Amino acid sequence: MSPFDTPDPDLAGATLTIDLGALVANWQALGARAGTEAAAVVKANAYGIGIEPAVTALSAAGCKTFFVAHLSEGARARAVAPDATIYVLNGLLPGTCGGYARHELSPVLGSHEELLEWAAFRQAGANARPAALHVDTAMNRLGLWPGEGLNLARERTSVVSAAGIGLLMSHFASSEDEADPANARQIAAFAEIAAALPGIPASLKNSSGHFLKDCPSYALTRPGYALYGGNPTPGRPNPMQAVVGLEARIIQLREVEAGTQVGYNGRWTAQGKRRLATICLGYADGYPRNASWTDASSGGSAVVGGVVCPFVGTVSMDLIIVDVSEAPTGSAVRGGPVTLIGGPLDLDVVGAGAKTSGYEILTSLGRRHARRYVGL
Ligand SMILES: *Cc1c(COP(=O)(O)O)cnc(C)c1O
């Protein structure tokens, strides 16, 4: 599978524009803010933008450490970053040590069983990279309990050296909400473990972690969302540059009278005379059906002629209907462009319109879009 395996721009309904220059600028800005090395989290095909172009651009800019979720993603990153350290967040599923060695990947070990399995593999003489050790300070998802981490430290057991631990890490549960008291608890719990395991480089900050007060940067930070232009400080102006733009085209326009029902199951009713545009993009393109705009609930929007115009009715598989009545005269025309992501419709606004997060918007997009990589 290749991220370039997408339709020819002349044949596609919509075009995704990915600004690799902005990606690199965001990575540099986060590293400068942290005052330490910033890695890049490129799981889920680099949050949908394409793992090969993202890793290639970031490597060229000096990024040496990457995080992916799956071994398969690690193998793809390795193919374009032969010298990088590549951590696999999902860690060791039983029997996968060989895959790690083959692609020179580093597991993020998330349990005592994983630690033992990896240590045994290395002791058997495998030429394996150092691993990371994940301590769970809030999520109850992956990672050793803090107490287990402290015990390991106290014993300073041979298993830690046998496993070759090159990084100690934990993950924030609600860093995008700086008022959440869980942040301070996690910062303190992680500080205790990091102090108990001196000499092992540590990593705590995700994107939003870079903007938390009183949070040490440690040796390495792990931004994902903010690299791709997501706002790490929701409710405040977005400090990141936009990376992703999505544009589709108008197929057809029509005028409807008051009382006209629109779309599947007639879930939206015109309150007056309206001008509607049908655009060539729908939920099969990764735009969530939850962005439907009905009589009972608001939904997504598109920019037409500089004006934000609401969707009307249910998002269809391949089509969305947009109320372009307020668009400037002459801007909503057959074949004309509409912007789904870009300008006022940043990732967080689009996510809110679809009752989800900008993260899910990013990672869902793009199977049928033409892709244009620009900015480098
Ligand atoms: C996804 C992930 C990150 C990146 O988080 P963002 O909020 O996208 O910056 C960092 N660390 C871990 C463990 C993750 O799973």
Side-chain angles (χ1 to χ4, degrees), residues 23 26-27 29-31 33-34 36-49 51 54-55 58 63 65-71 73-74 77 85-92 105-111 114 131-144 149 166-178 180 182-183 186-187 189-190 193 201-212 215 217-234 238-241 243-244 346-348 351 356-365:
L23 171 75
N26 287 339
W27 175 74
L30 290 164
R33 189 177 175 88
T36 191
E37 182 189 346
V41 181
V42 294
K43 61 198 182 191
N45 201 22
Y47 288 50
I49 77 162
I51 191 167
V55 170
L58 289 165
C63 184
T65 309
F66 295 92
F67 287 83
V68 297
H70 290 272
L71 267 171
E73 297 170 348
T85 299
I86 302 171
Y87 289 106
V88 180
L89 291 162
N90 284 2
L92 272 193
L105 303 173
S106 297
V108 177
L109 303 171
S111 70
E114 291 183 31
L133 186 63
H134 193 170
V135 180
D136 193 332
T137 50
M139 295 280 277
N140 284 299
R141 190 175 69 167
L142 292 177
L144 270 68
L167 187 72
L168 181 70
M169 57 173 269
S170 190
H171 188 44
F172 278 117
S174 21
S175 54
E176 78 289 352
D177 177 5
E178 58 171 356
D180 192 322
N183 294 319
Q186 287 195 261
I187 290 168
F190 189 66
I193 292 157
S203 173
L204 180 59
K205 289 179 172 175
N206 66 337
S207 295
S208 294
H210 288 76
F211 298 85
L212 284 178
C215 183
S217 290
Y218 294 106
L220 187 72
T221 66
R222 305 189 311 275
Y225 189 50
L227 295 177
Y228 309 103
N231 187 355
T233 60
N238 189 348
M240 312 317 298
Q241 293 187 28
V243 173
V244 174
D346 70 13
L347 291 168
D348 299 78
T356 182
S357 68
Y359 287 76
E360 193 174 356
I361 297 294
L362 264 183
T363 57
S364 305
L365 283 175

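Computed from a predicted model, the values in this text were never measured in an experiment. Whatever order the structure lists them in is the order used to number ligands and atoms, beginning at 1.
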Return the closest protein heavy atom for atom 7 (O) of ligand 1 as residue, atom name and distance.
Tyr359 OH, 2.5 Å
Examine ligand 1 and decide if any of its atoms is less than 4.0 Å from a heavy atom belonging to Glu176.
no
Heavy-atom distances under 4.0 Å decide this one: backbone, side chain, both or neither, for Lys43 against ligand 1?
side chain
Is there a polar contact, in the sense of an N or O pair closer than 3.5 Å, between Ser207 and ligand 1?
yes
Relative to each other, are the rings of Tyr228 and Tyr47 parallel, tilted or perpendicular (30° and 60° limits)?
parallel
Under 4.0 Å from a heavy atom of Pro223: give me the atoms of ligand 1 that qualify, with their elements.
9 (O)
Within 4.0 Å of some non-hydrogen atom of Tyr225, the atoms of ligand 1 are 6 (P), 8 (O), 9 (O)
My understanding is that only one of Asp348, Thr363, Asn26 makes a side-chain hydrogen bond (donor to acceptor under 3.5 Å, both in side chains) with Tyr225; could you say which?
Asp348
Nearest protein heavy atom to atom 11 (N) of ligand 1, by residue and atom, and its distance?
Arg222 NE, 3.0 Å
CG (Leu227) and CH2 (Trp27) are apart, to the nearest 0.5 Å, by 9.5 Å
Non-hydrogen atom of Ala226 closer than 4.0 Å to ligand 1
no
Give a yes or no on whether the backbone of Asp177 and the side-chain of Asn183 come within a donor-acceptor separation of less than 3.5 Å.
yes
With rounding to the nearest 0.5 Å, note down the distance linking CZ in Phe190 to CG in Asp136.
12.0 Å
Ligand 1 versus Leu89: contacting region, heavy-atom distance under 4.0 Å
side chain
How many angstroms lie between atom CG of Asn231 and atom CG of Leu347, to the nearest 0.5 angstrom?
9.5 Å
Do the side chain of Thr356 and the main chain of Gly351 share a donor and acceptor less than 3.5 angstrom apart?
no
Note: ligand 1 atoms sitting under 4.0 Å from heavy atoms of Met169 are 13 (C)
Polar contact flag for His171 and ligand 1 (N/O pairs, less than 3.5 Å):
yes
Which of the atoms of ligand 1 are close to Gly224, meaning less than 4.0 Å from one of its heavy atoms?
4 (C), 6 (P), 8 (O), 9 (O)
Ser203 (side chain) donor-acceptor with Leu220 (main chain) under 3.5 angstrom:
yes
Nearest non-hydrogen protein atom, atom 8 (O) of ligand 1:
Tyr47 OH, 2.5 Å
Are the side chain of Gln186 and the backbone N or O of Ala173 linked by a donor-acceptor pair below 3.5 Å?
yes
